[in-house]
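This report concerns only the one structure given below.
These figures come from a predicted structure and were not determined experimentally.
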Amino acid sequence: RVPTVTEQNTLVTAASITNSATAASSAMKFTVPGYRDRGNGSLGDAGSDGYYWSSSVNAADASYRFFNSGSTGSSNHIRAYAWSVRCLKD
């Protein structure tokens with residue numbers, strides 16, 4: 001199942017993930033695949049940023065977790081973007 005944004009935040013904090021390097025070396029093995037643009041289908045930020053949807057949804061938006069070389073955080077964005085998901089096993 002896809003975790004909620006609260007679960008994502010808990011996992012990231014527990015694993016001491018602070019950026020894309022610590023995300024990749026963690027047990028979760030988060031990578032930086034970038035995204036597929038909703039407008040023209042092009043790939044963006046591949047190799048530099050990772051975006052992971054959560055299951056937390058609000059109308060046309062959903063919460064997500066991001067990783068890059070300098071930081072990590074969570075925010076909301078329109079769901080039309082093709083971002084990654086990281087499933088959890090119950």
Side-chain angles (χ1 to χ4, degrees):
R1 69 179 177 79
V2 178
T4 66
V5 71
T6 301
E7 290 170 324
Q8 284 179 332
N9 292 341
T10 299
L11 289 167
V12 166
T13 300
S16 299
I17 296 172
T18 58
N19 57 35
S20 57
T22 55
S25 64
S26 74
M28 295 294 291
K29 304 294 184 205
F30 287 108
T31 59
V32 287
Y35 66 92
R36 183 168 301 278
D37 188 275
R38 72 183 179 103
N40 61 19
S42 67
L43 295 177
D45 296 341
S48 62
D49 295 337
Y51 305 91
Y52 291 85
W53 287 121
S54 76
S55 61
S56 303
V57 176
N58 181 10
D61 292 344
S63 297
Y64 69 95
R65 187 85 198 179
F66 70 87
F67 303 96
N68 60 40
S69 63
S71 65
T72 182
S74 58
S75 191
N76 299 307
H77 205 283
I78 187 167
R79 292 184 284 162
Y81 278 84
W83 290 350
S84 302
V85 295
R86 180 57 50 96
C87 295
L88 297 179
K89 182 179 177 182
D90 282 332

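Considering Trp53, Tyr51, Phe66 in turn, Tyr51 is the only one that fulfils the ring-ring contact (aromatic ring centres under 6.0 Å, His included) rule with Tyr35.
Surrounding CG of Asn40 are more than 12 heavy atoms belonging to other residues, nucleotides or ligands, all under 6.0 Å away.
Proximity of Val2 to Cys87: side-chain heavy atoms (C-beta onward) are separated by under 4.5 Å at one or more points. When side chains are defined from C-beta on, Thr4 counts as touching Ser55, because their heavy atoms get closer than 4.5 Å. Using a 4.5 Å heavy-atom threshold, the side chains of Leu88 and Met28 count as touching. Counting heavy atoms from C-beta outward, Asp61 and Ile78 have side chains that approach closer than 4.5 Å. No side-chain heavy atom of Asp49 sits under 4.5 Å from any side-chain heavy atom of Phe67. Using a 4.5 Å heavy-atom cutoff, the side chains of Arg38 and His77 are not in contact.
Looking at every heavy atom in both residues, Arg86 comes nearest to Pro3 through O-CD, 3.1 Å. Of all the heavy atoms in Pro33 and Gly50, the pair that sits closest is CD-CA, 4.0 Å. Minimum interatomic distance between Gln8 and Ser54 (heavy atoms only, all atoms of both residues): OE1-CB, 3.5 Å.
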TODO: List the steps and the verdict of side chain to side chain donor-acceptor pair (under 3.5 Å) for Thr72 and Arg65.
DONE: CA-CA 7 Å; Thr72 182; Arg65 187 85 198 179; 3.2 Å; yes
- [ ] Show the numbers, then the answer: is there a side chain to side chain donor-acceptor pair (under 3.5 Å) between Ser63 and Asn76?
- [x] CA-CA 4 Å; Ser63 297; Asn76 299 307; 2.6 Å; yes
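Inspection of the Thr31 and Tyr52 side chains reveals an N or O donor paired with an N or O acceptor under 3.5 Å.
Leu11 and Phe30 fall within a single hydrophobic cluster, where Ile, Leu, Val, Met, Phe, Trp and Tyr are joined by side-chain heavy atoms under 4.5 Å apart, directly or via other members.
Judged by distance alone, with hydrogens and angles left aside, the side-chain atoms of Arg79 form no donor-acceptor pair with the main-chain N or O of Asn58 at under 3.5 Å. Between the Asp45 side chain and the Ser48 main chain, no donor and acceptor come within less than 3.5 Å of each other. In this structure a side-chain-to-backbone donor-acceptor pair under 3.5 Å is present from Thr22 to Asn19.
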